[in-house]
Every structure is written in C-alpha cells, then in structure tokens.
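Step one of this worksheet: look at the structure below.
Worth knowing before you read on, the calculation uses all heavy atoms, side chains too, and leaves out hydrogens, waters and symmetry mates. Lettering follows sequence order; numbering is per chain, from 1.
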Amino acid sequence: MEEAVERQLAVIRLGTAEIVPEEELVKKIRRSIRENKPLVVKLGVDPSGSDLTLGHTVVLNKMRQLQELGHRIQLLIGDFTGMVGDPTGKSETRKQLTREEVLSNAKSYADQAFKVLDPEKTEILYNSQWLAPMSFEDVVKLTSTLTVARMLEREDFHKRFTGNLPISLHEFLYPLMQGYDSVAMKADIELGGTDQKFNLLMGRMLQKEFGQEQQVAIMMPILEGLDGVQKMSKSLGNYIGINEGPNEQYGKTMSIPDELMVKYFELVTDVPIEELAMIKSGLAEQTLHPRDAKMRLAREIVTRYHGIDAAKAAEEHFKTVFQQGAIPDDVPEVQLAEGTLWVVKLLTETGLCPSNGEARRMVQQGGVKINGEKIDDAETQIKLENGMILQVGKRKFAKVILQ
RNA sequence: GGAGGGAUACCAAAGUGGCCAAAUGGGGCGGACUGUAAAUCCGUUGGCUUCGCCUUCGAAGGUUCGAAUCCUUCUCCCUCCA
C-alpha cells in the first residue's frame, strides 16, 4: 500500500515546482487507493483560441501522468469567463468571444491537447454550466468571502497597484470564478503553472468556505520561450507550437539557449530519468557537445508531434539548410508575372518585407540574396526567372513562379 | 464630489515655439563571429521609386510665418482628500 503511494508521489513530483500542501496529497492518494476511487483532477483552460505551444504541454504532460495513474482528468473550458472577456492580459482588454467562437476554440484546444492526453479517459466540462445561472445575490455572496487586501496579494494585482497601473474592478472576479469552478467540480487536485498559484489557492479557500474537502494545488514551472527569459507565449512570438511543422519545431528548438535544454528535456519530453541524468553529466563534463544534446531534444519534440520519420527528415533539413547554408527544399512559392522588377518592389510583393523602406534597408545591410548572389544596391532591377530563389536574412525564402 | 499630476514611436523615457521623423536605453531586425546557442562587435529601427516629399508626439479645433512644445474643448489614466 505505502509502496503504491510512494510510486504515485514519485511520478507526480517529477518536474513539479510546488505541491500545496503535500501532506494532503498523500492522504488523498492513500484514500484513493484504499477505496479504489480515482481523484478528480482539474485543469482550467482558457478558450481564447488559437494554437497550443510547448509551454501549455508542460501541464498537459503532468495531466497525462495522472491519467496513467488512473485518476479522473477533467478539462474545464472557461467558456463563461471567455465570453465575458478575460482582462488578465495586463495591457489590453481581451476581445469578447461569441458562443460559437468559444465552442470552436474549445474543440481546437481539445484536438491539440489530445496529442498529449488520452481522449478516451478525458472529461470535458464547461464552466458556463454553473456560472451562467448564478444570480447577482450569489455573486455578492461569493465576493464577500474575501477582502481587497487579500486580492492585492496576487502578484499581478500587487504590481499594478503599486505601479499605479489600472485595475478594473471586474478583474477581481476572475480568481473568484476560477476558484468557484473547483467548488462546482469538487476537485481533488488542480493543476496549473506557478503563475496560477493565487488562483489555485483561491479554489482551496472557496472550497473550505463551501464546506468541501480542499483541493491540492500542483504547480508546474513556467517554460521559458526561445529567448530564454520570458514565458513562452504566442503574443511574445517566442514559442514552439505543437501544430507547427517538423522543420519549424526542429529549428526553433535548436535556437533555445543552452541553459534551457535540461529543463525542456524534463518538462516536454518523455526521455527517461536515467537517460536524462546521463545527458546532464555529459554536458557538465563536456563529453557531450551541447549542440548534439540539443539535436536530441529537437528530435524528441518533433517525434512526439509528427512521428519519428518526420523528425529524422527535419534533422536532415536542418543540417543541410543551416549547418551547410543550403537552400531549403520547401521554399514557399510566389506567383509573379514575367518581366523586370525593382528589387525593393520584389521583396514587398513577395511578402518577404513589410514595406519598401524595410526592403531597402535589408538590401543595404546585405541581407538580401537572389539565387545565392548578394544584392547590395537598392536600385537594382531584377529580371524575373522561373524558379528564382529569393532570400532575406537567414531564414526567409521565397521561390518565384512565373505565371 | 473636490484638488493636483499625466498621456511622446514596439516598450521605457528625454524634449516645453524653429537646429525634431523626434536624444538615450531596452527590445526587434540585418551583418560579422558561432553550434540558427550565449556573449561580443558593427549597422539599422514611420511611410514613399528616398540627396526630396508625405503622415506622426491621446482626440478635435485655435493662435503663429512656423507647434510634440502656447490656448480651448474632449477622452483616458494616476495620486491625494471626502
């Protein structure tokens, strides 16, 4: 019995940033085994749409592990909060979503999440189910459970408050709604990033308020993006998307800072602990070239989302294109009419540069090549040829197709 | 409800009548060096077929030969008091 508990704990602890409180988790697991009753695990999902990044998969990974341990995993789609318009993005108010948008976003989220989770064993819930019917009286009652000072403990609010930045009153309601979700779901465990700490604890607080057993908060570290400093996010553009092509995923992985490699291995791959230890020591003793370790990482990531063959192909592609400076074979094609075109115009027409000024600059800075020849005069006229390869910077290519 | 402070480019922050397409820093982009890493160095960072022209300093009007800078109204934010 205790052995089984320990085994579960070991899996859960792997890569986890914090478990609050761990003793309660032990108790819950023990009871779950004794009564053969799986724990309810909650993961809140923001239906603001678009594509998942590797950052999102950190938590999903942990969900899957819990799933494999036999617990009940519930994905909670925040459709209600989504329709109201979540203001958490400090700088700009998010646009409000229609019912249809929310549902289609939720579906696309689930499709993506199922690349990590087992769809057969995953339940999907919507918080509009219990939030929408609440009366104003209910809301007032809910808000009376905590004070402004308590709210301001949340880092985000605190920072804005002390920094004289605006906080809208309704923003205070979001942690409450999220916390109330836990009450409605009778969650045993809620998973989230460390940035969700406040909200996860809010769930505990409200459950207590409602006379329920409190959930355990399990927090995963935040995965830094390609820049190695800021949280991986779509809006910062420093992300690897799980829907991205093999070549993109591979290349982007290669560009993460070395220091992040191990963390990536731990949080977004299935590389076994023993092997991970070898990689770590290899890097420390310099018997393993960081580049090779990173290539392994890139391979692992691409394999997960595209399969082993695609991963190998992406690696080949990477080697030829970037290590040897060759031109990739999957260059996007651009249709153009036959004739002669001013370079600057050519670059903007093909979408390689956003404006003439930008294109001009690229040329002047020596970042433009046509068929491998550097163009250094912004006034150059180009005779278009079928199959002509345009290159801007290191990564942007286009192939000319004459109509 | 009262009093005061503020809004400048991607962000932060100078500029208070012409020398301002707007200092400086960060970020971004390009180049060199590399392992498409980091660090470093150089360049660049409104638009336009660009030694010139056009549109920008919260919004709209006005004063002036000339406004980011002065005046009026409006919008938004912040602080203190009640």
Fill in: ring-ring contact (aromatic ring centres under 6.0 Å, His included) partners of residues 234-260 of chain A, not counting sequence neighbours, each pair once
A:Tyr250-A:Phe318
Worksheet entry | Distance, P atom - from B:rA21 to B:rA68, rounded to whole angstrom | 9 Å
Worksheet entry | Pairs where residues 193-213 of chain A contributes a residue and the test salt bridge (charged side-chain N to carboxylate O under 4.0 Å, His left out) is met, not counting sequence neighbours | A:Glu18-A:Lys197, A:Glu24-A:Arg204, A:Lys28-A:Glu213, A:Arg31-A:Glu213, A:Asp195-A:Lys231
Discussion item. What is the distance, to the nearest angstrom, from the CZ atom on A:Arg360 to the P atom on B:rG47?
Written reply: 11 Å
Discussion item. Quick check on RNA chain B: between A:Gly357 and A:Phe318, whose nearest nucleotide comes earlier from the 5' end?
Written reply: A:Phe318
Discussion item. Once ring-ring contact (aromatic ring centres under 6.0 Å, His included) is applied, do any residues pair with A:Phe210, and if so which ones, sequence neighbours excluded?
Written reply: A:Tyr180
Worksheet item: For B:rG43, does either OP1 or OP2 sit under 4.0 Å from a side-chain N or O belonging to A:Gln364?
Response: no
Fill in: Test side chain to side chain donor-acceptor pair (under 3.5 Å) applied to A:Arg296 - qualifying residues, sequence neighbours left out
A:Glu275, A:Glu300
Worksheet item: Among all residues two or more places apart in sequence or in another chain, which pass the side chain to side chain donor-acceptor pair (under 3.5 Å) test with A:Glu379?
Response: A:Arg360
Worksheet item: How does protein contact run along nucleotides 20-30 of chain B, one letter per nucleotide 5' to 3', with B for base contact, S for sugar-phosphate only, - for none, heavy atoms under 4.0 Å?
Response: ---------SS
Discussion item. Counting only side-chain heavy atoms from C-beta out, which of B:rU36, B:rU50, B:rA37 sits nearest to A:Pro257?
Written reply: B:rA37
Fill in: Pairwise P distance, B:rC57 and B:rA9 [rounded to whole Å]
9 Å
Discussion item. When the P atoms of B:rA67 and B:rC54 are compared, how many Å lie between them, rounded to an integer?
Written reply: 14 Å
Worksheet item: In whole angstrom, what separates A:Asp377's CG from B:rU50's C1'?
Response: 13 Å
Worksheet, complete the sentence: A:Lys263 atom NZ is separated from B:rA37 atom C1', nearest whole Å, by 17 Å
Fill in: Modelled atom types, side-chain donor and acceptor of A:Gln178 and A:Gln196, under 3.5 Å
yes
Discussion item. Please report the distance separating the C1' of B:rA59 from the corresponding atom of B:rA12, rounded so that it comes out in whole Å.
Written reply: 24 Å
Practice prompt. Under 4.0 Å between any heavy atoms, over every strand shown, what does A:Ile256 touch: base, sugar-phosphate, or nothing? Just pick one.
Written response: sugar-phosphate
Worksheet item: Within this structure, what is the CG-to-P distance between A:Leu260 and B:rA39, rounded to whole angstrom?
Response: 13 Å
Worksheet entry | Side-chain N,O (A:Ser355) to OP1/OP2 (B:rC48) below 4.0 Å | yes
Discussion item. Distance check needed: B:rU36 P versus A:Glu315 CD, whole Å only.
Written reply: 13 Å
Worksheet item: How many Å lie between CG on A:Leu283 and C1' on B:rA37, as a whole number?
Response: 12 Å
Worksheet item: When the distance from NE2 of A:His289 to C1' of B:rG35 is rounded to whole Å, what number comes out?
Response: 6 Å
